[in-house]
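Everything numeric here is computed off the predicted structure, so don't read it as measured data. Just so you know, residue 1 is the first one in the sequence shown, and it goes up from there.
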Amino acid sequence: MNLTVIRKDGTIYDLSNLGIKTLDFIVSSPEYRTQYEEIDGADGVIDLGTTIGARILTGKFQFTAHDLLDYPLLRNEIFRIFSSKESFYLIDERESGKRWEVKCNTVFKPEQILHYGFFDLDFICGKGYAESIGTTLDPLTFDSELWQTGQGLTLDETMYTHSTSTFQIYNAADGVTIDPRTIPLTIAFQGASTNLKIKNVTNGDEWAYTGTSNIGDEIKLDGIRSTKNGLTIFRNTNHKIITLAPGYNDFQLTGTSGSFTISFAFRFYTL
């Protein structure tokens, strides 16, 4: 068993190569939080919906220094690796296609026995989900070493770049709606159009632009931002967003002129 730590600046720490052995890595179940409302004079309660809280992940580690003098140096390096002023990613080699964005959730005090050290460390994943390492615009093949079994992917049939006015986008997440207000989603349209509309027929979301684009122009929906060739066009839209329901989403475009491409870039989120 081994964990890899990836910092936001791209620095990668393979713990086993640093003399840090992962004895166990425990992932807690999701914490479901349901809100209820009571009505006077009525039996039972009204279900106002359920959300998932933060997840706790626990790592149990042993590290081995070269000698007693080297012990505090390696211990201090471990403190730097798990520094939590900013979040970082954990990858469990047993599930190499997904990562957890975490911060340390506890103070840890390594127990020293000669030149060996032992410590347990709790991490908190604020999102409550693991995310795929690959995005939908990466090669959707196992040869790319970005994906794994158990991610719900249908690699042979799934496409995320299209050039027709009707198509499907598959969201393989475990019951997670891809909402660009909280989860990264980029939709990019390249080509000519007049009064372009992008509609998710499955959930009814529709984004509309009262303007034009030419061949070579790029209209991009990046999170809640709408741009054309990098300049905002938000005031010329209907101020709506596109979300992706779990599973297949049927799309319809109107206002296109001639050939075009449209792509959807996001990650998958799993329990």
_Which heavy atom of Leu271 sits nearest to which heavy atom of Pro30, and what is that distance?_
CD2-CG, 3.7 Å

*Backbone N or O of Leu114 within a donor-acceptor pair of the Gln112 side chain at under 3.5 Å?*
yes

*Walk me through it: do Thr161 and Ser263 pass the test side-chain hydrogen bond (donor to acceptor under 3.5 Å, both in side chains)?*
CA-CA 4 Å; Thr161 299; Ser263 64; 4.8 Å; no

*Quick one: are His162 and Ile169 in side-chain contact, heavy atoms under 4.5 Å?*
yes

_Please check this pair: side chain of Glu93 against backbone of Asn2, looking for a donor-acceptor N/O pair closer than 3.5 Å._
yes

*Can you list the steps and then say if Phe189 with Phe260 is a ring-ring contact (aromatic ring centres under 6.0 Å, His included)?*
CA-CA 7 Å; Phe189 173 89; Phe260 66 88; 5.4 Å; yes

Under 3.5 Å donor-acceptor pairs involving side-chain atoms of residues 220-227, not counting sequence neighbours:
{"residue": "Asp222", "atom": "OD1", "partner": "Thr186", "partner atom": "OG1", "Å": "3.2"}
{"residue": "Ser226", "atom": "OG", "partner": "Trp207", "partner atom": "NE1", "Å": "3.2"}

*Begin from the C-alpha positions of Thr22 and Ser16 and carry the test side-chain contact (heavy atoms from CB on, under 4.5 Å) through to its verdict.*
CA-CA 8 Å; Thr22 304; Ser16 64; over 6 Å; no

_So does Ser28 get a backbone contact from the side chain of Arg55, meaning a donor-acceptor N/O pair under 3.5 Å?_
yes

*Do Thr177 and Asp179 have a side chain donor and acceptor closer than 3.5 Å?*
no

*How about Arg7 and Tyr89: do any of their side-chain heavy atoms sit closer than 4.5 Å?*
no

*For the residue pair Ile242 and Ile187, establish whether any side-chain heavy-atom pair is separated by less than 4.5 Å.*
yes

*asked:* Here's a test for you: under side chain to side chain donor-acceptor pair (under 3.5 Å), which of Asp205, Thr202, Asn171 qualifies with Thr243?
replied: Asp205

*Does Thr136 reach the main-chain N or O of Phe266 with its side chain, forming a donor-acceptor pair under 3.5 Å?*
yes

*asked:* Using a strict threshold of under 4.0 Å (side-chain N to carboxylate O), is an ion pair present between Lys8 and Glu101?
replied: yes

*Answer yes if the side chains of Ser193 and Ser213 hold a donor-acceptor pair under 3.5 Å, and no otherwise.*
yes

_Where at least one partner belongs to residues 72-84, residue pairs that pass side chain to side chain donor-acceptor pair (under 3.5 Å), sequence neighbours excluded_ = Glu77-Arg80

*Which pair of heavy atoms, one from Leu121 and one from Cys104, lies closest together, and at what distance?*
CD2-SG, 3.9 Å

*So, Asp70 side chain and His66 main chain: donor-acceptor pair closer than 3.5 Å or not?*
yes

*List the atom of Lys197, the atom of Ala208, and the distance in Å for their closest heavy-atom pair.*
CG-CB, 3.8 Å

*Within the distance-only criterion (no hydrogens, no angle test), does the side chain of Arg94 pair as donor or acceptor with the backbone N or O of Met1 below 3.5 angstrom?*
no

*Which atom pair, heavy atoms only, marks the closest approach of Asp120 to Phe108?*
O-CB, 3.5 Å

*Is it true that Lys109 and Glu111 have a side-chain N and a carboxylate O under 4.0 angstrom from each other?*
no

*With a 6.0 Å cut-off on ring centres, are Phe118 and Phe63 close enough?*
no

*Residue pair Val102 / Phe88, side-chain heavy-atom distance below 4.5 Å*: yes

*Could you walk me through whether Thr210 and Asn236 pass the side-chain hydrogen bond (donor to acceptor under 3.5 Å, both in side chains) check?*
CA-CA 6 Å; Thr210 55; Asn236 300 118; 4.6 Å; no

_Between Tyr71 and Tyr116, is the ring centroid distance below 6.0 Å?_
no

*asked:* We want to know whether Asp250 and Asn200 form a side-chain donor-acceptor pair, criterion being a heavy-atom distance below 3.5 angstrom.
replied: no

_Validation row: Lys103, Ser87 side chains within 4.5 angstrom (heavy atoms)_ = yes

_Over all atoms of both residues, closest heavy-atom pair of Gly216 and Asn229_ = O-OD1, 4.3 Å

*asked:* Counting the benzene-type ring for Trp, do Phe251 and Phe167 have ring centres under 6.0 Å apart?
replied: yes

_Over all atoms of both residues, closest heavy-atom pair of Glu206 and Asn238_ = O-ND2, 3.0 Å

*So, the side chain of Thr237 versus the backbone of His239: is there a donor-acceptor pair under 3.5 Å, distance only?*
yes

*asked:* Can you confirm whether Leu196 sits close enough to Thr254 that some side-chain heavy atom of one is under 4.5 Å from a side-chain heavy atom of the other?
replied: no

